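Quick caveat: nothing in here was measured; it's all calculated off a predicted structure. Note that the numbering runs from 1 along the sequence shown for the chain. Keep in mind that the numbers below use all heavy atoms, side chains included, and drop hydrogens, waters and symmetry copies.
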Amino acid sequence: MSSAAAYAALPATPKPAAKQMASAPAVSLADKLAEGQQALDQLETIKLDKLPAGVTPGELLFRRALLERLVASYAWQLDLAGERDQRLRQQAEAEEALRNWSGFAQAGPYPVSLVEGLRSRLQTGGWEKETQQAQQLMLSQMQEAMRNSLKLNEVSLRQAREQLEGAAAREAEALRWKMDGARWRRDISASELLQFDALGQVLRIRQQTLQAQLELWRKQLDGIGKQVRFQPAELDGVQRRLGEERLRLEREMGAHEQRRRRAKAELEELEKQLAALKQKKDAPTQAALLQDLTQRTVEQRQALDNSDLAVQLTRIRQEANSQEGGIWEYRYQLYTGKAANLAEVASASRQAGEELGAVRDYLQKEAELTMAKMADVQHEIGLDRGGGHALAMLQLLRQRLDIVNAAQQPVQAALTGILLLQQEFDVGAPAEGTPQEVSRRLSERVLQAARALWNYELFSADDSVEINGQKVQATRSVTIGKSLGAILVLLIGYAASTALLRALRRLATHRLGFSEAAANIWWRWSYVCVIALLVVFALNLVKIPLTVFAFLGGALAIGIGFGTQNLLKNLISGVMLLVERPLKVGDFVQVGGISGTVSSIGLRSSVVRAGDGIETLIPNSTFVESAVTNWTYSNRRIRRKIAIGVAYGSPPREVCNLLLAEAERHGLVLKEPPPRVLFSNFGADALEFELEYWLDIGDADSVLVASDLRHMIDGALAKAGIELPFPQRDVHLQQGEPLQIEVRRAAGGRTSDSF
């Protein structure tokens with residue numbers, strides 16, 4: 001038969017419609033499958049050089065692919081039809097078993113293995129139910145996508161038919177090929193839509209079957225109730241199994257450790273060879289050898305990573321084995337009534353479950369990462385890059401994936417067992433008990449709830465822990481118990497430190513001779529330091545890392561940094577004033593046009609009392625940044641002076657002696673250094689003198705002493721006959737001609753003189 005004849009002999013492609021196929025019997029699908037297979041066989045006989053005009057070999061291959069897909073869809077629908085009947089029988093059997101079950105043939109108590117099996121089935125069934133629900137959602141999305149594809153393919157088929165109707169005879173054959181291809185694409189969409197519908201029916205039947213089975217298992221578990229016994233033989237069997245597994249893991253660990261040491265030695269040797277080759281002067285001429293050695297080093301490093309991972313996962317499996325053995329011991333004690341504390345059992349199982357859950361999540365992430373790396377390597381292989389090294393790396397990554405997958409199964413099995421044990425804590429508890437037993441169980445539950453609340457994690461913070469001289473990053477949890485403990489330590493420390501500081505302040509003022517103001521200053525600053533140290537001590541005592549407050553520092557720096565800069569500047573300045581002590585309480589200072597005595601030095605500002613009693617609060621930063629005159633910085637003696645002027649003609653020496661005598665006669669003028677008198681100037685109206693004298697600023701008021709000395713000097717000068725001059729002016733008038741003087745009579749009979 002020629003190719004054209006073979007093409008002409010192809011059976012007309014069936015035109016399935018959604019409604020027709022939905023109601024078509026299975027035999028109809030079988031006929032369509034046979035026709036499609038026959039058409040596919042005939043298509044194989046068409047030769048490429050005998051294709052109709054306008055038809056390319058690529059179109060022939062595409063038509064074959066479409067027909068193969070259609071045949072596969074028919075075959076799958078037939079399989080689903082058979083599976084649907086089988087699933088319906090299973091559903092009927094499961095529902096009948098649920099209706100007919102009224103109890104176990106043998107009365108209790110029942111072995112713990114039966115309870116474990118039922119609970120395991122329930123848990124696995126729950127996971128299977130969640131998987132089926134996810135599959136149902138995915139199937140719905142695929143059906144929606146296939147409906148859209150069916151609509152588009154029907155449009156394409158109509159357009160191809162219209163093109164064929166108006167085409168010339170020479171183009172008809174090629175357009176008929178195009179129309180048949182559009183018809184087959186439409187048929188594939190319709191067939192696969194029916195296929196998805198059949199798959200959805202099978203999935204719904206499976207869900208109903210699983211629901212009946214889950215209800216039966218729950219009913220059986222409720223029928224067992226608390227009639228459970230745990231024989232020593234069962235515990236021995238479990239421990240024997242765990243012991244055998246432990247020995248096997250130890251042998252695996254030894255083999256992994258040996259491979260790890262060997263891989264590490266080989267890597268070190270390759271790294272030495274690579275370093276030596278890079279140091280050679282002719283290394284550029286050996287680029288191929290350098291590249292090969294570099295890639296081998298990368299491969300060996302991956303092999304070492306695989307060995308490290310195998311050792312790590314084997315150690316995790318050993319820990320899981322040990323935890324499972326301990327939980328089984330607790331469980332036996334629980335069922336035999338020897339458990340001293342149910343909360344201890346629950347805590348141990350919960351902790352083991354959390355640890356294994358974290359390991360399971362890690363293994364899943366590691367498997368995903370390894371598969372992503374394998375995809376990258378396969379992409380390089382597809383681009384014909386990497387050569388044999390890429391294949392070797394792909395093999396190493398497959399080994400790593402096998403290591404991870406080998407660890408997932410036992411970890412998941414141990415986790416499942418621990419979760420089942422957590423659900424069985426109430427099985428071994430007696431149904432009835434004495435009032436003392438009921439009270440004990442109630443107290444245990446209250447204690448367990450309180451412990452759970454006490455250990456409730458508010459948030460976590462990263463912290464560094466030093467182990468064997470190396471810093472390791474760790475995550476610490478901040479719980480309600482730790483927070484309450486820190487608050488309690490702060491309250492107790494606050495009360496104790498306040499009482500102690502007050503006692504020290506009284507001791508400083510009454511016994512050590514400190515002034516009240518100085519004692520208050522040191523008490524205030526000591527109080528702040530003690531509170532700060534107390535906060536740090538409380539946090540460290542309850543194991544709360546200081547890093548939890550790192551975000552507060554960032555918030556202060558970003559949000560209110562500019563608003564607190566003056567406050568922080570004044571606080572730091574106050575610390576500097578206490579450390580450097582450029583001024584102290586009682587000093588007489590002058591700063592910024594303000595003069596007075598320092599009455600207190602606070603955390604943020606200090607108080608200066610002027611001579612008129614007005615107190616001024618000056619920020620501490622002013623004393624640090626501005627020029628400050630401290631009259632009593634090193635001592636309390638200050639020098640004052642009084643200016644005196646006497647009439648010309650007075651004996652200067654006698655005036656000096658008189659002024660000096662009056663100063664020495666005043667009781668508040670210091671004898672050492674002695675006062676002195678200076679003949680300062682020949683003034684316009686008087687001879688000018690200055691009396692300089694020294695006072696103790698703490699014992700004398702300089703203004704009042706100056707007033708007293710002026711009174712004494714005035715009396716002494718008057719007694720000695722020395723005058724205090726008035727301002728004098730000599731007026732000299734120069735006139736070249738004599739002045740003319742006239743006397744005139746003014747209005748009103750008055751006279752006036754004029755010049």
S.K.: Should the heavy atoms of other residues, nucleotides or ligands under 6.0 Å from OH of Y494 be counted, would the total exceed 12?
M.R.: no

S.K.: Taking the side chain as everything from C-beta on, heavy atoms only, tell me whether S191 gets closer than 4.5 Å to L70.
M.R.: yes

S.K.: To check you understand the geometry: which heavy-atom pair defines the closest contact between I403 and N306, and what is its length?
M.R.: CD1-O, 3.7 Å

S.K.: Do you know which two heavy atoms are closest between Q135 and L203, and how far apart they sit?
M.R.: OE1-CD1, 3.6 Å

S.K.: Taking the basic N atoms (NZ, or NE/NH1/NH2) and the acidic carboxylate oxygens, is any pair closer than 4.0 Å for E257 and R315?
M.R.: yes

S.K.: Between atom CH2 of W76 and atom CG of L194, what is the distance when rounded to the nearest 0.5 Å?
M.R.: 13.5 Å

S.K.: Do M138 and M142 come close enough that some side-chain heavy atom pair is under 4.5 Å?
M.R.: yes

S.K.: Decide side chain to side chain contact (heavy atoms under 4.5 Å, CB included) for Q201 and R87; before the verdict, give the C-alpha distance in whole Å, the side-chain angles of both, and the deciding distance to 0.1 Å.
M.R.: CA-CA 10 Å; Q201 294 179 10; R87 294 291 182 180; over 6 Å; no

S.K.: Looking only at heavy atoms, which two atoms of L396 and E299 are closest? And how far apart?
M.R.: CD1-O, 3.2 Å

S.K.: Which one of R260, K264, H256 satisfies the side-chain hydrogen bond (donor to acceptor under 3.5 Å, both in side chains) criterion with D308?
M.R.: R260

S.K.: For residues R204 and Q136, determine if any side-chain heavy atom of one lies less than 4.5 Å from a side-chain heavy atom of the other.
M.R.: yes

S.K.: Could you tell me which non-hydrogen atom of Y362 sits nearest to which non-hydrogen atom of L309, and how far apart they are?
M.R.: OH-CD1, 3.3 Å

S.K.: If we only count heavy atoms from C-beta on, is the T124 to R121 side-chain gap below 4.5 Å?
M.R.: no

S.K.: Taking distance alone, no hydrogens or angles, what donor-acceptor pairs closer than 3.5 Å link side-chain atoms of residues 208-215 to residues at least two apart or in another chain?
M.R.:
unit_1: Q208; atom_1: OE1; unit_2: Q91; atom_2: NE2; d: 2.6
unit_1: T209; atom_1: OG1; unit_2: I205; atom_2: O; d: 2.8
unit_1: Q211; atom_1: OE1; unit_2: K129; atom_2: NZ; d: 3.1
unit_1: Q211; atom_1: NE2; unit_2: E215; atom_2: OE2; d: 3.4

S.K.: Could you give all pairs that pass the salt bridge (Lys or Arg N to Asp or Glu O under 4.0 Å) test and reach residues 364-373, with sequence neighbours left out?
M.R.: E366-R400

S.K.: Can any side-chain N or O of Q300 pair as donor or acceptor with the backbone N or O of A263 at less than 3.5 Å?
M.R.: yes

S.K.: Run the salt bridge (Lys or Arg N to Asp or Glu O under 4.0 Å) test against R89 and tell me which residues pass, sequence neighbours left out.
M.R.: none

S.K.: To the nearest 0.5 Å, what is the distance between CG on L293 and CD on Q273?
M.R.: 5.5 Å

S.K.: State the CZ-CZ distance between R246 and R241, to the nearest 0.5 angstrom.
M.R.: 10.5 Å

S.K.: Is the backbone N or O of A303 less than 3.5 Å from a side-chain atom of S307, with the two atoms forming a donor-acceptor pair by type?
M.R.: yes

S.K.: For the CD atom of Q195 and the CG atom of D197, what is their distance to the nearest 0.5 Å?
M.R.: 10.5 Å

S.K.: Could you tell me if the side chain of L363 sits less than 4.5 Å from the side chain of L313, heavy atoms only?
M.R.: yes

S.K.: How long is the gap from CG on L118 to CG on L114, to the nearest 0.5 Å?
M.R.: 5.0 Å

S.K.: Does Q302 use its side chain to pair, donor to acceptor, with the backbone of M393 at less than 3.5 Å?
M.R.: no

S.K.: What distance do L80 atom CG and D85 atom CG have between them, rounded to the nearest 0.5 Å?
M.R.: 11.0 Å

S.K.: Do R147 and E144 sit within salt-bridge range, that is, some charged N less than 4.0 Å from a carboxylate O?
M.R.: yes

S.K.: Under 6.0 Å from the CH2 atom of W217, do we count more than 12 heavy atoms belonging to anything else shown?
M.R.: yes

